[in-house]
Amino acid sequence: MNAPALAAGTLNPAQLEAVHHLSGPCLVLAGAGSGKTRVITHKIAKLLHTGLEPKQIAAITFTNKAAAEMRERARALVGPRAAKELVISTFHSLGVRMLRADGERIGLKPNFSILDSDDVLGVLRDCGGSSDNALARRWQWAISLWKNQGLDVDAAEAGAGSDDERVAARVMRRYQERLAAYQAVDFDDLIGLPLAMMQRDAEACARWQAAFGHVLVDEYQDTNAVQYALMKALVGCAPGSADSPPGRTPFTAVGDDDQSIYGWRGATIDNLKRLPREFPALKVIALEQNYRSTGHILRAANAVIASNPKLFEKKLWSELGEGEPVKVIECDSEEHEAERLVARIQALRGGKVGEGGSMKFADIAVLYRANHQARVFEQKLRAAQIPYKVSGGQSYFDRAEIKDLCAWLRLIVNNDDDPAFLRAVTTPKRGIGHQTLAALGEFAAKRKESLFEALFAPTLAAALKGKAIDGLHEFGRYANELEHRARHTTGSEDAKALLLQWLQDLRYEQYLYDSEDSDKLAQARWSNVLDFVDWIARRCGGEITQEGGTFESERHSVFEVAQTISIIISIAERGEDSDVVTLSTLHAAKGLEWPHVVLAGVNEGLLPFKGPETKGPLAASPPPPEGVESPGRAGSTQEMSAERLQEERRLMYVGITRAQRTLAVSWLKRRKRGRETVAGVPSRFLAEMKLDEVATKEDPRERLKRLRAELAARVQASEASAAKATEEVKAGAAT
DNA sequence: CATACATGAATTTTT
DNA sequence: TTCATGTATG
């Protein structure tokens, strides 16, 4: 992917300018497919060349995947030694690094733990005294948005406009107290607390400002207010250092306002608007040559985005020729859409669409607005025996069995991590039930201690029955022992032995088989667990055997590895190289590209998305009074806000610009709405694409072929399922 | 009253 | 797909 059309090592004039502007603040407006990663990596190389140490260069991204990719690209340019030392990390990892080093200055123990969003949800349910998941999730969203805007509890409370918001603010106050008691932080704190630390502690602030000689920020348009503040603090705009500015650290922000699609989670384009004002010396460079798409595709993209107000003028062009016209596909229903799509994929495979010969499945992507749209496509692709993957499927680390084990690791790393304690103490079940834990919780709360600390209090005996106490003590002793061993076990071999022993102690495998009614599922989970063990063990270093020999790498204790666990990337998306069609949401597709792209469900209401009601985190707008019909139902009377519409338009723009060679856009003439089907309206964005040739109707011959293929697929599918069924019966009989 | 099953509805996502 | 709600049954 991202194959540059230029000869290796060559940059176009705009790219060169961006790379060579080293002395001051620089904003690179990188249009889609304009070679932005190239610019960043070349700039890193250039900075090294001018004498900066690798560890003085910070490149900040949003995802671990992007960071890994960037390091990889940099490695090709500057070699493995330098690449390894470059500080290429996400905002969050950088935050962790800062807090582990200096968190104590704001009262955070160095071994604080990081709550993932499920943990947070649990704590919030607890704090709010509600078992309603949906409600807790709204609180979670609201609190996260507040934090992303840099608001603390007091500010949130003061700004709360509705009753719902006041409740959320109250829950937030208790939530923050809990976090402090647990010595835990949530993901948003990983940005906010380092910022607070720099603002409150001049010494640490100066040290971090001196640490970097240049700061690069990728996907700058996705930054939120707090991330921007942290960036400014790092480059020397923090209040604490105003008296002695020895010159700010130069920085490079790279982004594209036309691809800003995360406003709903706190990203703000204000950060782009403010940059020229707050850094008058800012050099703005636009990258407008596109190396990805052909003329028809690019023209459609430009035409759509032209309807948005412009922050910076920018128009993409390419030298790749006109290519194929964009195709519009009209469909009778979602099923019909999926079938026509399958037909198209088969045609592409046969080399009948576009000029190219045999296409790989991996060259094709189907993009849509909302996850649930994938369902029909999956069904039809399976029926046609076309391999596919769905992006954004739940990550490896979301799986229950992995979370179980992570809870144990978190607990030994930070004994005060109560959510981890609760999960670990109950998995596997060891006869410690709700009663016991509730009593322990009350006891701990009274003493303002964590659950684990309370465990060994001599006075606990008064609150609990002897048997319960014994169970708890047994658990506590074991956790302590495990912690001790984890601290002193290094190297992958010993680590693996320790971890396997631990699983045996827990009888975890047995537990999986007991709690899962299908043995097959239990088996799959157990194999996940073993993968996890291997993965941790590998990170403990020591002798590693790889192709090409055996290496001695730096040794880490299991304890150290466990400390980093919640922030580390999931096991790389294995099987990424396999030849499968991609199904993805538009959001998840950002930054990726395919030779052939289909945008599905480009309907009014779906692509400029319009929910049943206007939504904010807490705007679960109360139902209108009896007899009053609220606007914005089936009839599209209620207009969405201009901001919202513009973000939807940018989403469309992102979708279009994912395509390299061919693009098809499909929409539904009829949509199901509850029980009845209603007429579908093509998205306004379709008209905005200003396509001149439109081939919308299904050709009768194509239709015949599709029907025949569909029939064959059904026969095949039923045969396959029959075969599978008999096999399962056989397998069942065997066991 | 609690559990089992069916039915329907569904923004977008990372850390 | 998942999640929550409603109905029917014990």
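Proteins get letters first, then strands, A, B, ... in listed order; numbering begins at 1 in each. These numbers come from a predicted model, not from an experiment.
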Can A:Trp146 and A:Asp152 be counted as having a side-chain donor-acceptor contact under 3.5 angstrom?
no
Give me the one residue out of A:Glu337, A:Lys380, A:Gln385 that meets side-chain contact (heavy atoms from CB on, under 4.5 Å) with A:Val342.
A:Lys380
What's the closest nucleotide to the side chain of A:Asn371 if the choices are B:dT13, B:dT15, B:dA10?
B:dT13
What is the distance from CE of A:Met652 to C1' of B:dT12, rounded to the nearest Å?
16 Å
Polar contact flag, side-chain donor to acceptor under 3.5 angstrom, A:Thr61-A:Asp218
no
Reading DNA chain C in the 5' to 3' direction, which nucleotide is the first one with an atom under 4.0 Å from a heavy atom of chain A, and which is the last?
C:dT1 to C:dA4
Using whole Å, report how far CG of A:Leu606 lies from C1' of B:dT11.
9 Å
What is the distance from CD1 of A:Ile261 to C1' of B:dT14, rounded to the nearest Å?
12 Å
Nucleotide nearest A:Arg369 (side chain, heavy atoms from C-beta), chosen from B:dT15, B:dT12, B:dT13:
B:dT12
What is the distance, to the nearest angstrom, from the CD atom on A:Gln140 to the P atom on B:dT13?
15 Å
Spacing of A:Leu193 atom CG relative to B:dT15 atom P, expressed in whole Å:
19 Å
Strictly below 4.0 Å: does A:Thr585 bring a side-chain N or O up to OP1 or OP2 of B:dT13?
yes
Considering residues at least two apart in sequence or located in another chain, which fulfil the side-chain hydrogen bond (donor to acceptor under 3.5 Å, both in side chains) criterion with A:Tyr262?
none
Look at the side chain of A:Thr63 and decide which nucleotide, out of B:dT15, B:dA10, B:dT11, has an atom nearest to it.
B:dT15
Between A:Arg178 and A:Asp126, is there a salt bridge with N-O shorter than 4.0 Å?
yes
Whole angstrom is fine here: how far is it from CG in A:Asp119 over to C1' in B:dT14?
16 Å
A:Trp141 side chain, from C-beta outward: closest of B:dT11, B:dT15, B:dT13:
B:dT11
Without decimals, in angstroms, what is the distance between A:Asp189 CG and B:dT15 P?
17 Å
Looking just at side-chain N and O atoms, do A:Asp188 and A:Ser144 make a donor-acceptor pair shorter than 3.5 Å?
yes
Is there a donor in the side chain of A:Lys232 and an acceptor in the side chain of A:Gln227, or the other way round, less than 3.5 Å apart?
no
To the nearest angstrom, how far is A:Glu647 atom CD from B:dT13 atom C1'?
12 Å
Using the six-membered ring for Trp and the full ring for Phe, Tyr or His, decide whether A:Tyr262 stacks on the six-membered base ring of B:dT12 (centres under 5.5 Å, planes under 30°).
no
Using a 4.0 Å heavy-atom cut-off, does A:Asp186 contact any base of the nucleic acid, only the sugar-phosphate backbone, or nothing at all?
nothing
